[in-house]
Amino acid sequence: AYTPQTTDTDSVVYHELSVPRGSDFFLELSDGTRLWLNAETTVRYPIRFARGERRIFVDGEAYLEVKRDTASPFSVMLAGSEITVLGTSFNVNSYPERSEAQVTLVSGKVNVRDSESGKGLTLRPGEQALIPRAEGGIHKRKVDTRLYCGWKDGVLVFKSNTMEEILRTLARQYDVEIYWHDESLKQYTFSGELKRYDSIDTLLRMIEHTDNVRFTVHGRQVIVARP
């Protein structure tokens, strides 16, 4: 937690925090904004914000509760896009393996702009912006925010997600490597809520109840095969 600082200078000094696989982190900025950082996430931020501007850089996934300050809008810079808010709660997901970045709004209002096309839109609670990495552009849709923000409260929520998507998430959360005995298993889907801080063995046994897949764990290796 960074304590507020009062000084006459407008110079900005940045810190950078990187969260490894299998970990998460909580951070409170000098203005009172709170960040929950997911595994394999890097955030770059000033130890003290300059007058009239608050800006941070996120690579990975983070949930933010932004301290309202109408005199100093808050900006989150992702790869190829910018989010501007006054005071709100939202989730950003910009992991590099994703084909599109996601911005999911829980409360308040945010403006999202694609840097390449210059297009922008405004999100309201329960809406998500999708920002494709390849062709540029931006669009939004209505979503269940728990599917995208539950990790912050220690719950992984899946709704018809493919096994590939689910195991990619678990690999990041528990720092394991996934090996596929049959590539077609990647397309199986699963829905459910899993407590995030249970052991990965518990989570895998729950997924096995679908009778579509079996897991074998050797140390930090998870082998995926048919029953």
Side-chain angles (χ1 to χ4, degrees), residues 17 19-29 31-43 45 54 56-68 74-79 81-112 121-132 138-162 164-174 189-198 200 203 206-207:
L17 174 67
V19 183
R21 287 166 65 95
S23 303
D24 56 24
F25 202 82
F26 173 78
L27 174 67
E28 184 171 324
L29 303 180
D31 67 336
T33 292
R34 305 199 298 169
L35 284 78
W36 287 260
L37 305 175
N38 210 341
E40 283 193 315
T41 296
T42 297
V43 59
Y45 55 93
R54 296 181 293 165
I56 68 171
F57 301 81
V58 175
D59 182 14
E61 183 168 26
Y63 183 92
L64 296 88
E65 291 182 353
V66 177
K67 187 74 171 181
R68 185 174 179 82
F74 192 100
S75 296
V76 180
M77 309 300 294
L78 305 178
S81 58
E82 178 179 0
I83 307 159
T84 304
V85 305
L86 292 176
T88 186
S89 300
F90 62 102
N91 193 79
V92 297
N93 187 327
S94 62
Y95 284 120
E97 74 271 10
R98 298 189 59 89
S99 61
E100 57 190 11
Q102 297 176 340
V103 181
T104 308
L105 183 62
V106 176
S107 65
K109 184 170 68 173
V110 304
N111 295 316
V112 184
L121 52 77
T122 299
L123 292 183
R124 301 188 184 281
E127 293 182 338
Q128 179 184 77
L130 301 171
I131 312 162
I138 185 172
H139 62 279
K140 66 180 178 180
R141 63 182 181 181
K142 294 284 291 183
V143 297
D144 179 354
T145 59
R146 290 194 72 243
L147 296 175
Y148 303 92
C149 306
W151 67 269
K152 171 251 184 184
D153 297 315
V155 179
L156 298 174
V157 185
F158 301 110
K159 185 176 182 180
S160 298
N161 290 87
T162 66
E164 183 177 24
E165 293 171 331
I166 293 168
L167 293 182
R168 182 186 298 130
T169 297
L170 296 184
R172 179 176 286 118
Q173 302 294 340
Y174 293 93
T189 60
F190 174 83
S191 299
E193 296 188 14
L194 307 174
K195 290 185 178 179
R196 187 174 175 219
Y197 295 113
D198 287 344
I200 191 170
L203 303 185
M206 292 177 66
I207 296 174

query = Does Thr41 use its side chain to pair, donor to acceptor, with the backbone of Asn38 at less than 3.5 Å?
reply = yes
ask   = Out of curiosity, Glu100 CD to Gln128 CD, how far, rounded to the nearest 0.5 Å?
value = 7.5 Å
task = Specify the closest pair of heavy atoms between Val143 and Glu127, including all atoms of both residues, with the distance to one decimal.
result = CG2-C, 4.4 Å
query = Do the side chains of Ile56 and Leu29 get nearer than 4.5 Å, heavy atoms only?
reply = yes
Set of residues satisfying side-chain hydrogen bond (donor to acceptor under 3.5 Å, both in side chains) with respect to Trp36, sequence neighbours excluded = none
Listed partners of Asp59 passing side-chain hydrogen bond (donor to acceptor under 3.5 Å, both in side chains), at least two apart = none
query = Are any of the side-chain heavy atoms of Leu35 and Tyr45 separated by less than 4.5 Å?
reply = no
message = With a 3.5 Å distance limit and no angle check, can you tell me whether Lys140 reaches the backbone of Thr122 through a side-chain donor-acceptor pair?
response = yes
request  = Starting from the C-alpha separation in whole Å, work towards a yes-or-no answer on side-chain contact (heavy atoms from CB on, under 4.5 Å) for Ile83 and Phe90.
outcome  = CA-CA 10 Å; Ile83 307 159; Phe90 62 102; 4.1 Å; yes
ask   = Take atom NZ in Lys67; do more than 12 heavy atoms of anything else shown fall under 6.0 Å from it?
value = no
inquiry  = When you compare the side chains of Trp151 and Asp24, does any donor N or O come within less than 3.5 Å of an acceptor on the partner?
reply    = no
task = Compare every heavy atom of Thr84 with every heavy atom of Ser75, then report the nearest pair and how far apart it is.
result = OG-OG1, 3.8 Å
key: From CG (Leu167) to CD1 (Ile200), nearest 0.5 Å   = 8.0 Å
message = Strictly below 4.0 Å, N to O, side chains only: are Asp144 and Lys159 in salt-bridge contact?
response = no
ask   = Under 4.5 Å between any side-chain heavy atoms of Glu61 and Arg98, yes or no?
value = no
message = Test side-chain contact (heavy atoms from CB on, under 4.5 Å) on Leu78 and Val103; report intermediate values, then the result.
response = CA-CA 10 Å; Leu78 305 178; Val103 181; 4.2 Å; yes
task = Determine the minimum heavy-atom distance between Leu37 and Ala62, stating which atoms define it.
result = CD2-CB, 3.7 Å
ask   = Has the side chain of Ser89 got a donor or acceptor atom that lies under 3.5 Å from a matching backbone atom of Glu65?
value = no
note = Correct closest heavy-atom pair for Phe190 and Phe158 would be O-CB, 3.8 Å
ask   = Should Leu170 and Leu156 be marked as a side-chain contact (heavy atoms from CB on, under 4.5 Å) after you check the CA-CA gap, both sets of side-chain angles, and the distance that decides it?
value = CA-CA 9 Å; Leu170 296 184; Leu156 298 174; 3.7 Å; yes
key: NZ/NE/NH1/NH2 to OD/OE distance under 4.0 Å, Glu40 and Arg21   = yes
remark   = dist Ser99:OG -> Leu130:CG (nearest 0.5 Å) comes out at 9.0 Å
inquiry  = Distance to the ring centre below 6.0 angstrom and angle to the axis at most 45 degrees; does that hold for Arg172 and Tyr95?
reply    = yes
query = Any sub-3.5 Å donor-acceptor pair from Ser94's side-chain atoms to Gly60's backbone N or O?
reply = yes
key: Heavy-atom side-chain contact between Arg146 and Val155 under 4.5 Å   = yes
request  = Quick one: closest heavy-atom pair of Glu165 and Asn161, and the distance?
outcome  = OE1-ND2, 3.3 Å
request  = Nearest 0.5 Å please: distance from the CD atom of Glu193 over to the CG atom of Leu147.
outcome  = 8.5 Å
remark   = One should read off an interatomic distance between Ser191 OG and Ile166 CD1, to the nearest 0.5 angstrom, of 7.5 Å
query = Are the side chains of Ser81 and Ile138 in touch, meaning some heavy atoms are under 4.5 Å apart?
reply = no
query = Does the side chain of Val43 reach to within under 4.5 Å of the side chain of Phe25, using non-hydrogen atoms?
reply = no
Shortest non-hydrogen contact from Leu121 toward Ala129 = CD1-CB, 4.2 Å
query = Between CD of Gln102 and CG of Asn91, what distance do you get to the nearest 0.5 Å?
reply = 8.5 Å
